[in-house]
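Notes to accompany the following structure.
Counting from 1, the numbers follow the sequence of the chain as shown. These numbers come from a predicted model, not from an experiment.
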Amino acid sequence: MPGFELFGEKEKQSVNEVLDTGVLMRYGFDGPRKGHWKAKELEAALCARMQVAHAQVVSSGTAALTVALASAGVGAGDEVILPTFTFVASFESVLALGAVPVLVDVDDTLTLKPSAVEKAITPKTKVIMPVHMCGSMADLKPLKALCEKHNLILLEDACQAIGGSYEGKPLGSYGDLGCFSFDYVKTITCGEGGALITNNAEYHRNADHYSDHGHDHVGNNRGAESHPFLGYNYRISELNAAVGCAQIQRLDEFLEIQEKHYRVLYDALKGIEGIGFRRIPSGGVQNYSFLNFFLPTEDLAKKAHTALGDGGVDACFYWYDNNWHYYRKWEHLTNLTSLGKLPDEVKNNLPDYSKSDFSESDHWIGRTISCLIKLSWTEAEVKKRANDMAQILKNILK
Ligand SMILES: *Cc1c(COP(=O)(O)O)cnc(C)c1O
């Protein structure tokens with residue numbers, strides 16, 4: 001998956017253009033920057049590739065989620081529905097605004113189960129946030145229908161699925177808002193960075209202001225800009241954006257490599273009795289950043305994961321026991337352990353997750369193994385890997 005694997009001359013050239021001017025800030029300094037506007041250039045490239053009207057590039061994927069929520073007016077006490085399987089950043093962004101993360105079950109798509117979402121909707125619900133984990137998407141159509149029925153915002157956390165699509169639309173562009181991460185291990189990287197995309201001009205204007213202290217960016221004099229509302233600093237630097245400008249030009253090249261490697265591995269595993277695969281919703285095309293498969297039981301999944309590691313097949317994940325990605329290890333959320341005092345809206349309204357029944361999530365995640373697809377593998381390496389994986393899994397399942 002990671003863009004850093006194929007990091008090279010284009011990235012260096014783009015960064016050097018910024019270094020040569022010495023202007024590392026995305027706003028102002030119009031003369032000295034000699035026509036280089038890397039953050040703006042990356043925004044334009046994202047709009048073109050994702051077929052949307054607006055993009056706001058910010059300092060991280062977490063920042064993008066926070067700015068996206070703020071841009072839609074989400075605040076204290078509002079409820080945001082998200083899956084039990086995600087990266088901690090998804091609920092951090094919700095808590096940052098004093099809103100309440102409401103976790104619900106995932107199904108065989110490994111992300112939000114629409115019927116579980118429907119049950120979790122209350123008068124306080126404001127957002128449904130599917131997280132397209134490990135390269136593939138939620139059943140977006142029924143989720144959109146729920147949003148329309150209940151007047152909710154659909155926010156796609158597409159941080160791990162850039163380049164995938166659903167019903168012909170790039171992931172992130174199907175909902176009201178979509179977010180990407182360009183951190184160091186994502187499909188394309190800025191070192192650190194992120195972006196939100198939308199077709200809603202008001203959300204975009206809010207995001208543009210909010211991510212830069214509420215400044216309205218009107219006129220040529222930074223000091224004279226007014227601030228229509230309170231904001232924060234979620235700006236990206238020109239250096240990071242410069243890397244992104246080079247990387248986004250290579251996105252389709254990266255996706256092609258991922259798909260090619262994916263198919264070799266998938267073909268080696270698909271005939272093995274007992275191995276199942278994550279469901280890709282109809283109308284969906286994944287970005288092939290991971291191969292995700294199920295073992296028949298939790299016990300066999302644990303054994304298979306250990307055997308793959310011992311057999312030298314690296315970069316395979318068993319999320320069920322993972323600290324960052326699955327609700328079972330999120331004691332800091334469950335216990336609301338924080339440095340400062342959390343708002344009463346969060347303290348009083350966070351569901352008691354120690355009493356929640358997430359057995360359906362456990363049923364799927366407890367049997368899932370996800371293997372990262374690397375861009376840097378040679379054909380011979382992929383073949384060997386496919387053979388090794390098939391041998392190891394057949395052994396476990398015999
Ligand atoms: C990486 C990631 C984020 C956060 O992105 P950062 O750029 O690391 O802040 C959010 N959600 C998911 C699903 C991610 O994988």
Side-chain angles (χ1 to χ4, degrees), residues 50-52 61 64-66 68-69 71-74 78-87 89-91 93-94 99-181 196-200 203 278-287 292 325-327 351 356 358 360-361 363-365 368:
M50 301 304 161
Q51 300 163 33
V52 289
L65 290 166
T66 310
L69 290 166
S71 78
V74 175
D78 292 334
E79 292 180 356
V80 178
I81 294 177
L82 70 168
T84 52
F85 177 49
T86 179
F87 178 50
S90 310
F91 64 75
S93 65
V94 176
V100 180
V102 175
L103 303 179
V104 313
D105 267 328
V106 302
D107 60 17
D108 56 349
T109 63
L110 301 183
T111 184
L112 287 181
K113 177 181 173 153
S115 60
V117 170
E118 185 157 30
K119 277 194 208 131
I121 294 173
T122 74
K124 289 185 184 157
T125 307
K126 197 141 182 195
V127 179
I128 297 178
M129 188 200 287
V131 184
H132 307 320
M133 286 295 281
C134 304
S136 182
M137 76 292 313
D139 273 311
L140 285 169
K141 197 173 180 169
L143 293 177
K144 190 175 220 169
L146 282 176
C147 286
E148 278 161 9
K149 183 170 161 200
H150 296 274
N151 197 22
L152 306 174
I153 293 152
L154 185 61
L155 165 57
E156 295 171 70
D157 179 342
C159 288
Q160 293 197 9
I162 191 167
S165 66
Y166 183 80
E167 293 185 344
K169 291 196 166 94
L171 291 179
S173 74
Y174 187 84
D176 300 290
L177 287 149
C179 291
F180 301 115
S181 164
L196 66 87
I197 58 172
T198 183
N199 284 308
N200 183 311
Y203 291 168
R278 169 206 205 151
R279 178 167 63 85
I280 310 299
S282 89
V285 179
Q286 51 180 322
N287 84 346
N292 305 282
H325 294 282
Y326 195 48
Y327 83 93
S356 302
F358 292 130
E360 167 133 24
S361 300
H363 170 79
W364 294 110
I365 304 294
T368 300

Any heavy-atom pair between the side chains of [Y] and [X] that's under 4.5 Å?
X	Y	answer
I197	S173	yes
L143	L112	yes
C134	Q160	yes
L69	S93	yes
L152	L146	no
D157	F87	no

What pair of heavy atoms forms the shortest contact from [X] to [Y], and how long is it?
X	Y	value
S71	L177	OG-CD2, 4.0 Å
L171	S165	CG-N, 3.7 Å
G168	Q51	O-OE1, 4.3 Å
V106	P83	CG1-CB, 3.6 Å
R278	M133	NH2-O, 2.7 Å
S90	L82	CB-CD1, 3.6 Å

Once ring-ring contact (aromatic ring centres under 6.0 Å, His included) is applied, do any residues pair with F358, and if so which ones, sequence neighbours excluded? Y327
Gap between atom [atom2] of [Y] and atom [atom1] of [X] - 0.5 Å precision:
X	Y	atom1	atom2	result
I153	C147	CD1	SG	8.5 Å
D108	N292	CG	CG	12.0 Å
I365	Y326	CD1	OH	5.5 Å
D176	L154	CG	CG	6.0 Å

Pairs flagged by ring-ring contact (aromatic ring centres under 6.0 Å, His included) wherever residues 155-175 is involved - sequence neighbours left out: Y166-Y174
If you look only at pairs with a residue in residues 122-151, which of them pass as a ring-ring contact (aromatic ring centres under 6.0 Å, His included), with sequence neighbours excluded? none
Taking side-chain hydrogen bond (donor to acceptor under 3.5 Å, both in side chains) as the test, write out the residues that go with [X], two or more places apart.
X	answer
S361	T84, D105
T109	D107
Y203	none
H363	R367

For the pair [X] (side chain) and [Y] (backbone), establish whether a donor and an acceptor sit closer than 3.5 Å, ignoring hydrogens and angles.
X	Y	value
E156	G172	yes
N287	G163	no
H325	T86	yes

For K169, give me all partners under salt bridge (Lys or Arg N to Asp or Glu O under 4.0 Å), at least two apart in sequence or on another chain. none
Which residues pass the salt bridge (Lys or Arg N to Asp or Glu O under 4.0 Å) test with D139, not counting sequence neighbours? R279
Side-chain atoms of residues 117-131: list all donor-acceptor pairs with protein atoms under 3.5 Å, sequence neighbours left out, distances to 0.1 Å.
unit_1, atom_1, unit_2, atom_2, d
E118, OE2, K149, NZ, 3.3
T122, OG1, E79, OE1, 2.8
T122, OG1, K124, N, 3.0
T125, OG1, T122, N, 2.8
T125, OG1, T122, O, 3.2
K126, NZ, G73, O, 3.2

Checking C179 now: which residues fulfil side chain to side chain contact (heavy atoms under 4.5 Å, CB included) with it, not counting sequence neighbours? A64, L65, A68, L155, L196
Should L140 and E167 be marked as a side-chain contact (heavy atoms from CB on, under 4.5 Å) after you check the CA-CA gap, both sets of side-chain angles, and the distance that decides it? CA-CA 9 Å; L140 285 169; E167 293 185 344; over 6 Å; no
